[in-house]
Amino acid sequence: MVRMFVKTMKSNRVTGTYKYEIDEDFEIDHFYEYVKDICEHFDSPTPVILAKHIRDYIVFSTTTFTKSDFVEKVFFDKLILEQYKA
């Protein structure tokens, strides 16, 4: 099962949280779909996903998207994805 705790931050303050869960094993090829679903929840555009984002998530169980990772304007400074265990 894929489980992520997601938070948006603006000026170093948490502005939104979301627990993303999907009933499938983590697949690196589906990472874009996970991020897309999360962004839809926040009514936000999907960021450009770089190899560093995927590597950070696999190695450190967390990754951060900043404003510069988005092509369109977003209402937050950071989108942070963290893996969590139930």
Side-chain angles (χ1 to χ4, degrees):
M1 176 171 260
V2 178
R3 291 183 171 137
M4 294 183 197
F5 180 72
V6 184
K7 58 187 170 184
T8 56
M9 299 191 73
K10 177 123 179 141
S11 301
N12 292 324
R13 296 181 192 260
V14 176
T15 57
T17 61
Y18 176 53
K19 286 185 179 177
Y20 176 75
E21 295 183 353
I22 188 166
D23 194 26
E24 68 177 48
D25 291 333
F26 180 80
E27 293 281 337
I28 198 66
D29 295 336
H30 297 165
F31 192 75
Y32 175 81
E33 298 301 322
Y34 306 149
V35 174
K36 182 180 169 202
D37 290 346
I38 289 166
C39 288
E40 284 177 2
H41 170 79
F42 287 110
D43 196 26
S44 167
T46 306
V48 174
I49 300 174
L50 305 174
K52 106 179 178 58
H53 296 121
I54 296 169
R55 184 194 67 234
D56 286 351
Y57 187 78
I58 291 170
V59 174
F60 303 112
S61 299
T62 186
T63 193
T64 301
F65 296 95
T66 60
K67 279 185 162 184
S68 63
D69 294 315
F70 292 85
V71 175
E72 299 174 42
K73 188 173 180 175
V74 292
F75 63 91
F76 48 80
D77 297 332
K78 293 180 185 177
L79 176 69
I80 302 169
L81 282 61
E82 300 172 346
Q83 180 182 9
Y84 79 92
K85 309 256 192 250

Original post:
For the side chain of D77 and the backbone of S11, is there at least one donor-acceptor N/O pair under 3.5 Å apart?
Top reply: yes

Subject >> Heavy-atom check, side chain of T8 versus side chain of K78, under 4.5 Å >> reply: no

**OP:** State yes or no: do I58 and L79 share one hydrophobic cluster built from I, L, V, M, F, W and Y residues joined by side-chain heavy-atom distances below 4.5 Å, directly or via other members?
**Re:** yes

**OP:** Test ring-ring contact (aromatic ring centres under 6.0 Å, His included) on F76 and F65 and set out the steps.
**Re:** CA-CA 10 Å; F76 48 80; F65 296 95; 9.6 Å; no

Original post:
Looking only at side chains, do Y84 and E21 share a donor and an acceptor under 3.5 Å apart?
Top reply: yes

Original post:
With side chains defined as the heavy atoms from C-beta onward, is the minimum distance between D25 and M1 less than 4.5 Å?
Top reply: no

**OP:** List the steps and the verdict of side-chain hydrogen bond (donor to acceptor under 3.5 Å, both in side chains) for Y34 and E27.
**Re:** CA-CA 10 Å; Y34 306 149; E27 293 281 337; over 6 Å; no

Original post:
Please walk me through it: do T62 and Q83 pass side chain to side chain contact (heavy atoms under 4.5 Å, CB included)?
Top reply: CA-CA 6 Å; T62 186; Q83 180 182 9; over 6 Å; no

**OP:** Please check if I49 and I80 belong to a single hydrophobic cluster, counting links between Ile, Leu, Val, Met, Phe, Trp and Tyr side chain heavy atoms closer than 4.5 Å.
**Re:** no

**OP:** Kindly compute the distance separating CG (D23) from CZ (R3), expressed to the nearest 0.5 Å.
**Re:** 9.0 Å

Original post:
Taking atom CG of D37 and atom OH of Y32, what is their separation to the nearest 0.5 Å?
Top reply: 10.0 Å

**OP:** Would you mind reporting whether I28 and I54 have side-chain heavy atoms less than 4.5 Å apart?
**Re:** yes

Original post:
Going from NZ on K7 to OG1 on T17, what distance comes out if it is rounded to the nearest 0.5 angstrom?
Top reply: 9.5 Å

Original post:
So, do Y57 and M4 sit near enough that their side-chain heavy atoms are less than 4.5 Å apart?
Top reply: yes

Subject >> Atom pair CZ (F31) and CG (L81), whose distance is rounded to the nearest 0.5 Å >> reply: 5.5 Å

Subject >> Cluster link V35 to I22, ILVMFWY, side chain under 4.5 Å >> reply: yes

**OP:** State, with a plain yes or no, whether a side-chain heavy atom of K10 is found less than 4.5 Å away from one of K67.
**Re:** yes

**OP:** May I ask you to test the F42-V6 pair for a side-chain heavy-atom distance under 4.5 Å?
**Re:** yes

Subject >> Exam field: side chain H53 to backbone L50, donor-acceptor pair closer than 3.5 Å >> reply: yes

Original post:
Any side-chain heavy atom of P45 within less than 4.5 Å of one from C39?
Top reply: no

